[in-house]
Asker: 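This is the structure I want to talk about, given as structure tokens.
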Amino acid sequence: MPNIVSDAGLQTRAGQWWDSIPFLTSAVVIVCGVIYLICLLIGYDSFYEVCFLPEAIVSHFQVYRIYTSIIFHGSLLHVLFNMLALVPLGSELERIMGSIRLLYTIILLATSNAIFHLIIALVVAHNPFHPFEHLMNECAIGFSGILFSMIVIETSLSGVQSRSVFGLFNVPAKWYAFILLVVFQLLMTNVSLLGHLCGILSGFAYTFGLFNFLIPGPSFYTAIESSSWLASCVRRPKFILCSGGNPSAYIPTYTAQNSSSSALFSGNIWRNLSSWMPQRGTTAQPAQDDPRFPGRGRTLGSVQNTAVNSDSNLQARLLDNSRPTSPSDIAAGGAGERLSNERRLQVNDAVAVGAGGYPLPQMPQVASEEQIQKLLSMGFERTQVEVAIAAADGDLNVAVEILMSQQG
């Protein structure tokens with residue numbers, strides 16, 4: 001007879017694991033999974049009609065292929081592997097960016113991937129020395145191009161200097177995505193080298209700020225989130241607001257393993273596969289927000305100092321001073337409010353006072369270009385960023401609070 005207790009426990013833990021996946025990430029998994037299931041049931045395999053085909057886009061202007069190609073998959077292993085990779089990557093980025101911001105980012109990355117793919121295919125196929133015309137007729141489908149872009153972005157956000165490839169060896173973080181590109185190309189058949197390479201290029205272009213002029217300000221996402229047609233989605237517990245928190249103020253995290261990298265592509269692969277399943281006796285821990293992407297900032301399996309976590313939780317709320325705080329947020333942020341008051345005192349008391357009651361002279365903090373670029377990625381003006389960093393004495397968290405208080 002089956003073990004009822006273990007079966008119920010596994011089912012419960014699977015449900016908890018699914019509930020821990022944020023709104024947009026779970027929606028993408030459902031869409032891709034349902035599309036593959038429907039194609040399997042009706043026997044549809046004419047992927048040539050929906051795949052990314054440079055020749056069809058250039059000759060017949062079938063731009064719909066840019067977006068249909070990322071949600072169709074050719075086999076069960078194809079969709080399964082891509083979705084398992086998306087869960088940790090998408091969840092981490094969604095908790096940092098917010099659901100709507102991540103959706104916009106995915107659309108932006110899909111478009112830029114297609115543009116890079118078209119340019120490279122056209123140049124290589126029509127070069128006068130040794131043309132490779134087959135690139136114009138290469139049919140590519142799957143979400144893996146977006147995943148490679150996410151790998152680059154997540155690696156940049158983590159700030160680590162090296163990454164482990166399946167727990168076998170470490171590589172410099174800046175070469176991590178390229179190493180994965182080579183490994184997958186060698187281990188798997190029928191893999192689109194150009195599609196994955198364009199995903200990496202789009203990821204680096206995003207992290208280097210080349211798409212900043214295409215990224216709207218916070219008011220754009222706030223307007224979408226406050227629209228009536230999206231109200232039913234925003235009210236869902238797993239939906240994460242771009243302005244710094246979700247309505248229910250709780251998305252559980254069930255892994256106790258501290259993981260600054262994606263759970264699929266670094267560390268021991270078997271340990272990471274098991275980390276996707278919820279572990280008992282752990283509690284949700286908010287992760288510290290990256291200043292480039294304001295959001296709730298909950299990292300998978302992040303276990304940090306309590307004071308740092310509380311401060312990070314408050315910082316996310318401070319990014320939206322205009323939104324009234326719900327009672328659940330007030331209850332959840334008790335310890336954080338005290339830390340927030342201390343941080344506000346640091347911002348307001350811009351001039352230190354000596355023992356004799358006279359202001360102490362302070363040298364202005366010179367902002368580094370890296371700090372400026374991080375805040376420029378959030379949509380602030382350069383002049384305001386430089387002044388805020390100087391006033392915050394180089395502390396980016398305090399500088400964000402200053403900038404947001406000025407906008408409020």
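This chain uses plain numbering: 1 for the first residue, then up along the sequence.
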Asker: Walk me through it: do Val29 and Ile21 pass the test side-chain contact (heavy atoms from CB on, under 4.5 Å)?
Answerer: CA-CA 10 Å; Val29 172; Ile21 304 174; 5.8 Å; no

Asker: Please check if the side chain of Ser91 supplies one atom and the backbone of Pro88 the other of a donor-acceptor pair under 3.5 Å.
Answerer: no

Asker: Can Tyr206 and Ser156 be said to form a side-chain hydrogen bond (donor to acceptor under 3.5 Å, both in side chains), step by step?
Answerer: CA-CA 10 Å; Tyr206 185 92; Ser156 175; over 6 Å; no

Asker: Report yes if some heavy atom in the side chain of Phe239 is under 4.5 Å from a heavy atom in the side chain of Ile100; otherwise report no.
Answerer: yes

Asker: Look only at the side chain of Asn127 and the backbone of Val124, and say whether a donor-acceptor pair between them is shorter than 3.5 Å.
Answerer: yes

Asker: Would you check if Ser149 and Ser202 make a side-chain contact, meaning some heavy-atom pair closer than 4.5 Å?
Answerer: yes

Asker: Got a sec, which residues hit ring-ring contact (aromatic ring centres under 6.0 Å, His included) with His60, two or more places apart in sequence or on another chain?
Answerer: none

Asker: Test your reading of the model: is there a side-chain donor-acceptor pair from Thr207 to the backbone of Ile153, 3.5 Å cut-off?
Answerer: no

Asker: Taking all heavy atoms of Ala125 and all of Pro131, pick out the closest pair and write down the distance.
Answerer: O-CB, 3.1 Å

Asker: Could I get the full list of side-chain contact (heavy atoms from CB on, under 4.5 Å) partners for Val31, not counting sequence neighbours?
Answerer: Ile35

Asker: With heavy-atom distances below 4.5 Å as the criterion, would you say the side chains of Phe81 and Phe143 are in contact?
Answerer: no

Asker: Quick one: closest heavy-atom pair of Ser226 and Ala223, and the distance?
Answerer: OG-O, 3.1 Å

Asker: Excluding sequence neighbours, so at least two apart, what forms side-chain contact (heavy atoms from CB on, under 4.5 Å) with Ser75?
Answerer: Leu77, His78

Asker: I'd like to check the ring-ring contact (aromatic ring centres under 6.0 Å, His included) partners of Trp175; sequence neighbours left out, ordered by chain and number.
Answerer: Phe178

Asker: Calculate, to the nearest 0.5 Å, the distance between atoms CE and CD belonging to Met97 and Glu92 respectively.
Answerer: 10.5 Å

Asker: Run the numbers on Asn113 and Phe148 for side-chain contact (heavy atoms from CB on, under 4.5 Å), then give the verdict.
Answerer: CA-CA 10 Å; Asn113 288 358; Phe148 270 90; over 6 Å; no

Asker: Do the charged groups of Arg95 and Glu154 touch, with an N to O distance under 4.0 Å?
Answerer: no

Asker: Just checking, Arg65 and Phe52: is the charged tip under 6.0 Å from the six-membered ring centre and within 45° of the axis?
Answerer: no

Asker: If you define the side chain from C-beta out and look only at heavy atoms, does anything of Phe72 sit under 4.5 Å from Cys39?
Answerer: yes

Asker: Can you list every pair that meets ring-ring contact (aromatic ring centres under 6.0 Å, His included) and has a residue in residues 25-51, with sequence neighbours left out?
Answerer: none

Asker: So, using side-chain contact (heavy atoms from CB on, under 4.5 Å) as the criterion, who are the partners of Val191 when residues are at least two apart?
Answerer: Gln185, Met188, His196

Asker: Backbone N or O of Ala56 within a donor-acceptor pair of the Ser59 side chain at under 3.5 Å?
Answerer: no

Asker: Contact between Arg382 and Gln373 at the side-chain level, heavy atoms closer than 4.5 Å - yes or no?
Answerer: yes

Asker: Report yes if some heavy atom in the side chain of Gln384 is under 4.5 Å from a heavy atom in the side chain of Glu381; otherwise report no.
Answerer: yes

Asker: Testing the basics here: between Ser144 and Asn82, what is the closest heavy-atom pair and its distance to 0.1 Å?
Answerer: N-ND2, 3.6 Å

Asker: Would you indicate whether Asn190, at its atom CG, is surrounded by more than 12 heavy atoms from other residues, nucleotides or ligands within a distance under 6.0 Å?
Answerer: no

Asker: To the closest 0.5 Å, what do you measure between CD1 (Ile66) and CG (Leu118)?
Answerer: 6.5 Å

Asker: Which residue is it: Leu193, Leu53, Leu194? I am looking for the one with a side chain to side chain contact (heavy atoms under 4.5 Å, CB included) to Glu138.
Answerer: Leu194

Asker: Could you check whether atom CZ of Phe61 has more than 12 heavy atoms from other residues, nucleotides or ligands sitting under 6.0 Å from it?
Answerer: no

Asker: So, the side chain of Ser164 versus the backbone of Gly167: is there a donor-acceptor pair under 3.5 Å, distance only?
Answerer: yes

Asker: Kindly indicate whether the side chain of Leu180, heavy atoms from C-beta on, has any atom under 4.5 Å from the side chain of Phe184.
Answerer: yes

Asker: Do Leu89 and Thr25 come within less than 4.5 Å of each other through their side chains, counting heavy atoms only?
Answerer: no

